[in-house]
Number of protein chains: 2
Amino acid sequence: MRIGELAERAGTTTRTLRYYESLGLLPARRTGNGYRSYDEEDLRLLQQIRTLRDFGFELEETRPFVECLRSGHPAGDSCPASLDVYRRKLAELDECIARLSAIREGVGTQLVQAERARAELEAAATAPEGAPEPRCELTPPGP
Amino acid sequence: MRIGELAERAGTTTRTLRYYESLGLLPARRTGNGYRSYDEEDLRLLQQIRTLRDFGFELEETRPFVECLRSGHPAGDSCPASLDVYRRKLAELDECIARLSAIREGVGTQLVQAERARAELEAAATAPEGAPEPRCELTPPGP
DNA sequence: GTAGACCTTGACCCCGGCGTCAAGGCCAGA
DNA sequence: TCTGGCCTTGACGCCGGGGTCAAGGTCTAC
């Protein structure tokens with residue numbers, strides 16, 4: 001099969017396939033006229049790449065899975081190198097989620113404080129007494 | 001104060017300040033010789049920008065806060081536009097955390113299954129009977 | 001007068017993952 | 001034969017947030 005068909009069957013573009021080839025991630029055989037030629041095995045490799053990318057893996061991280069498949073294993077994650085990538089990804093995801101959660105709390109707190117400050121300002125405007133100074137500076141989350 | 005001093009006091013670089021000016025985010029007055037000139041108010045604006053950036057806000061998202069401060073409000077988040085940015089950021093963070101958590105679960109599941117498959121393969125290798133076919137294909141997380 | 005520390009603008013580089021031309025080859029159907 | 005649809009390589013663009021030259025101006029201290 002040629003590049004256009006493979007791209008369509010995998011739901012991607014020819015540009016993407018040429019890019020993967022330039023990385024050595026999905027090399028292609030050539031026919032006599034210079035056209036790239038792929039088979040069903042290449043489709044499987046490509047599907048493995050795309051699936052991992054949908055999970056947020058970088059292209060380089062998919063390489064162990066692809067090589068695992070190419071070396072004849074039944075699945076891309078049958079090899080220790082792939083499992084290591086899984087584990088590193090898990091740690092990375094956990095750290096990222098924790099960081100975002102901390103920021104989410106910080107922003108939520110800021111929003112509540114700022115809304116309260118505005119409410120106090122409006123209350124002070126309707127009942128003009130000694131308006132309490134609103135305090136809503138952001139504080140850095142640390143180094 | 002000149003650009004070098006402001007950069008140092010804010011813990012950033014002159015390149016960054018020039019970049020912010022090119023965005024219209026932190027304009028500078030000029031002295032007779034063409035040098036940029038800043039005052040304490042500019043330092044406050046810059047601190048507001050850097051603090052928000054530490055929270056993961058994009059530069060464009062800091063603009064309402066800076067303009068709020070510049071228009072004389074006591075804090076950058078004293079204005080409705082700033083609060084809207086807070087709310088949008090919260091929604092964005094929630095969505096991002098949810099997405100990452102789903103992926104984290106998916107990857108965790110994959111890891112467990114792949115480890116189990118390997119264990120079964122090894123067991124089959126030591127006790128060579130009818131080896132059960134390992135099934136550990138990744139499935140896409142959906143569109 | 002001259003060294004050195006500051007400042008100026010302009011321009012290119014980086015990261016990943018492609019999108020999007022441009023100019024030209026190859027092949028099938030009318 | 002010609003049109004249209006595939007294919008080829010090469011090259012530039014984009015996104016954000018600056019880093020890092022380069023070539024030159026300005027000021028201060030000695």
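Every value quoted in this text rests on a predicted model; they were computed, and no experiment measured them.
- For the contact set between residues 26-41 of chain A and DNA chain C, defined by any heavy atom under 4.0 Å, the members are A:Asn33, A:Tyr35.
- Taking every heavy atom of both residues into account, B:Leu69 and B:Pro74 meet most closely at CD2-O, 4.1 Å.
- Under the rule for a side-chain hydrogen bond (donor to acceptor under 3.5 Å, both in side chains), B:Arg2 has no partner lying at least two apart in sequence or in another chain.
- Legend: residues meeting side-chain hydrogen bond (donor to acceptor under 3.5 Å, both in side chains) with A:Glu8, ordered by chain and number and at least two apart, are absent.
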Before you tell me yes or no, could you show the steps for B:Thr62 and B:Arg50 under side-chain contact (heavy atoms from CB on, under 4.5 Å), namely the whole-Å CA-CA distance, both residues' side-chain angles and the distance that decides it to 0.1 Å? CA-CA 9 Å; B:Thr62 72; B:Arg50 299 305 294 182; over 6 Å; no
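- If you take CD1 of A:Ile3 and C1' of C:dC26, they are 16 Å apart, rounded to a whole angstrom.
- Each end of the helix from C:dG1-D:dC30 to C:dA30-D:dT1 gets its own axis, taken as the rotation carrying the C1' atoms of four end pairs onto the next four within a five-pair window, and the two axes meet at 40° to the nearest 10 degrees.
- B:Glu67 meets the salt bridge (Lys or Arg N to Asp or Glu O under 4.0 Å) test with no other residue; sequence neighbours excluded.
- Ion pairing of B:Glu21 with B:Arg30 is present here, as a side-chain N (NZ or NE/NH1/NH2) and a carboxylate O approach within less than 4.0 Å.
- As judged by a 4.0 angstrom heavy-atom cut-off over every strand, B:Arg2 is placed among residues touching the sugar-phosphate backbone only.
- Judged as a disulfide bond (SG atoms under 2.5 Å apart), not a single pair has a partner in residues 27-66 of chain B (not counting sequence neighbours).
- Nucleotide D:dT9 holds its C1' atom 16 Å from the CG atom of A:Leu17, rounded to whole Å.
- For A:Phe55 and A:Tyr86, the ring centers are positioned 6.0 Å apart or more.
- In the region residues 89-97 of chain A, proximity to DNA chain C at under 4.0 angstrom, judged on heavy atoms, holds for none of the residues.
- Distance check: B:Leu23 CG to B:Arg63 CZ gives 6.5 Å after rounding to the nearest 0.5 Å.
- Nucleotide C:dG17 holds its P atom 15 Å from the CG atom of A:Leu46, rounded to whole Å.
- For B:Gln47, there are no side-chain hydrogen bond (donor to acceptor under 3.5 Å, both in side chains) partners at least two apart in sequence or on another chain.
- When the P atom of C:dG17 is taken as reference, atom CG of A:Leu52 falls 12 Å away, rounded to whole Å.
- Screening residues 11-82 of chain B for disulfide bond (SG atoms under 2.5 Å apart), with sequence neighbours left out, gives B:Cys68-B:Cys79.
- With sequence neighbours left out, A:Glu95 forms a side-chain hydrogen bond (donor to acceptor under 3.5 Å, both in side chains) with no residue at all.
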Sugar-phosphate means primed atoms, P, OP1 and OP2; the rest is base. With that split, encode nucleotides 15-22 of chain D 5' to 3' as B, S or - using protein heavy atoms under 4.0 Å. --BBBB--
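- In this entry the distance linking CZ of A:Arg18 with P of C:dT20 reads 14 Å, nearest Å.
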In a table with atom names and distances, give each donor-acceptor pair under 3.5 Å that connects a side chain of residues 97-108 of chain A to protein atoms at least two apart or in another chain.
{"unit_1": "A:Ser101", "atom_1": "OG", "unit_2": "A:Ile97", "atom_2": "O", "d": "2.8"}
{"unit_1": "A:Arg104", "atom_1": "NH1", "unit_2": "B:Asp94", "atom_2": "OD1", "d": "2.7"}
{"unit_1": "A:Arg104", "atom_1": "NH1", "unit_2": "B:Asp94", "atom_2": "OD2", "d": "2.7"}

